[in-house]
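Keep in mind that the numbers below use all heavy atoms, side chains included, and drop hydrogens, waters and symmetry copies.
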Amino acid sequence: MIRLAPSLLSADFARLGEQVVEAEAAGADWIHVDVMDGHFVPNLTVGPLVVDAVRRCTRLPLDVHLMVEAPDRLLEAFRAAGADRISVHVEACRHLHRTLSRIRELGAAPGVALNPHTPPEAVEWVLEDVDTVVVMTVDPGFGGQEFLPRMLRKVSHLARVRDQRALHFELEVDGGIDLTTGARAVEAGATVLVAGHYVYRHPEGVAAAVRALRQATSPKPART
């Protein structure tokens, strides 16, 4: 089953706890938290205190995506706040293997993320060390952006490598996910879809959005 991870970047922060509870009740699998520092990406979002507040609202795994410079200095704080999964960018890490090892030592599942301009080969050497690979399908920094279809080739490439090497990492696609792009990402090999704007800005509400995404990305029965 494809995992759905609503992104809080597009949630209503005036009622953040309610929005987290809505996503869990709707059947979401993870809660995705985008952390931005205004340097690595041109936006500021949340810190460990917000993750701690979200942790107290849900039993779902918290998938924390660190879009920050020098992520090593923040790992302990976000893990202590309740992050279950922590992804860092290959572009931001001087010693990527060391950073991923530290995440696992802290008891979280390590992940590596790639910006659109970064080729998949940049992370192939650490695929045995990660639980998640995050393929950005928009330029990171803001929600509600248009999906970059050329990134599907990167998803397909990483899915082939995963199968060829008998690896088991989650292949997470983040950015511009809706019914059409979500289905295309899954067809390319994605196992996790991060959807913010589609879920939290859906005219019929969070439950309807999650239900529609689940239906659009579920395996279709073979015709006889």
For [X] against [Y], the heavy-atom pair lying closest together:
X      : Y      : result
Leu62  : Asp84  : N-OD2, 2.8 Å
Gly17  : Cys57  : CA-SG, 3.7 Å
Ala11  : Leu16  : CB-CD1, 4.0 Å
Leu114 : Pro119 : CD2-O, 3.5 Å
Val199 : Ala209 : CA-CB, 3.7 Å
Val88  : Pro71  : CG1-CB, 3.8 Å

Same apolar cluster (I L V M F W Y, side chains within < 4.5 Å links), [X]/[Y]:
X      : Y      : value
Phe147 : Val194 : no
Leu9   : Val54  : no
Leu167 : Trp125 : yes
Met67  : Ile177 : no
Val134 : Phe169 : no

Going by the rule side chain to side chain donor-acceptor pair (under 3.5 Å), which residues pair with [X] if we only count those two or more places apart in sequence or in a different chain?
X      : value
Ser10  : none
Arg162 : none
Thr118 : Glu91
His157 : Glu124

### Task
Could you tell me if the ring centre of His89 sits under 6.0 Å from that of His65?
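Yes, ring centres under 6.0 Å apart.
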Once rounded to the nearest 0.5 Å, what's the spacing between atom [atom1] of [X] and atom [atom2] of [Y]?
X      : Y      : atom1 : atom2 : value
Leu8   : Ile31  : CG    : CD1   : 6.0 Å
Ser87  : Ile103 : OG    : CD1   : 7.0 Å
Thr217 : Leu4   : OG1   : CG    : 5.5 Å

Show me the side-chain donor-acceptor pairs of residues 44-52 shorter than 3.5 Å, one per line, residues at least two apart or across chains.
| unit_1 | atom_1 | unit_2 | atom_2 | d |
| --- | --- | --- | --- | --- |
| Thr45 | OG1 | Asp34 | O | 2.8 |
| Thr45 | OG1 | Met36 | N | 2.8 |
| Asp52 | OD2 | Arg56 | NE | 3.3 |
| Asp52 | OD2 | Arg56 | NH2 | 3.2 |

### Query
Which residue pairs pass the side-chain hydrogen bond (donor to acceptor under 3.5 Å, both in side chains) test with at least one member in residues 127-143, sequence neighbours excluded?
Arg85-Thr132, Arg104-Asp131, Glu128-Arg165
### Message
Taking the side chain as everything from C-beta on, heavy atoms only, tell me whether Thr58 gets closer than 4.5 Å to Val21.
### Response
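No - every pair of side-chain heavy atoms lies 4.5 Å or more apart.
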Solution key, residues 74-82 side-chain donor-acceptor pairs under 3.5 Å, sequence neighbours excluded:
| unit_1 | atom_1 | unit_2 | atom_2 | d |
| --- | --- | --- | --- | --- |
| Glu76 | OE2 | Arg102 | NH2 | 2.8 |
| Arg79 | NE | Leu106 | O | 2.9 |
| Arg79 | NH1 | Ala83 | O | 2.8 |
| Arg79 | NH2 | Gly107 | O | 3.2 |

### Residue pairs, two or more places apart or on separate chains, that pass salt bridge (charged side-chain N to carboxylate O under 4.0 Å, His left out) and touch residues 168-187
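Qualifying pairs, neighbours excluded: Arg3-Glu170.
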### Query
Would a distance-only check, ignoring hydrogens and angles, find a side-chain to backbone donor-acceptor pair under 3.5 Å from Tyr200 to Gln19?
yes
### Message
So does Pro116 get a backbone contact from the side chain of Lys154, meaning a donor-acceptor N/O pair under 3.5 Å?
### Response
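Side chain of Lys154 to backbone of Pro116: a pair is present.
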Pairing residues for [X] by the salt bridge (charged side-chain N to carboxylate O under 4.0 Å, His left out) criterion, not counting sequence neighbours:
X      : value
Glu18  : Arg15
Arg98  : none
Arg214 : Asp29

#### Entry: Pair Thr191-Val173, side-chain contact (heavy atoms from CB on, under 4.5 Å): steps then yes or no
CA-CA 8 Å; Thr191 60; Val173 172; over 6 Å; no
### Task
Could you pull out all residues at least two apart from Ala26 that satisfy side-chain contact (heavy atoms from CB on, under 4.5 Å)?
Val206, Ala207, Val210
### Query
Taking atom CD of Glu146 as the centre, does the number of heavy atoms from other residues, nucleotides or ligands within less than 6.0 Å exceed 12?
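No, the 6.0 Å shell around CD holds no more than 12 heavy atoms from other groups.
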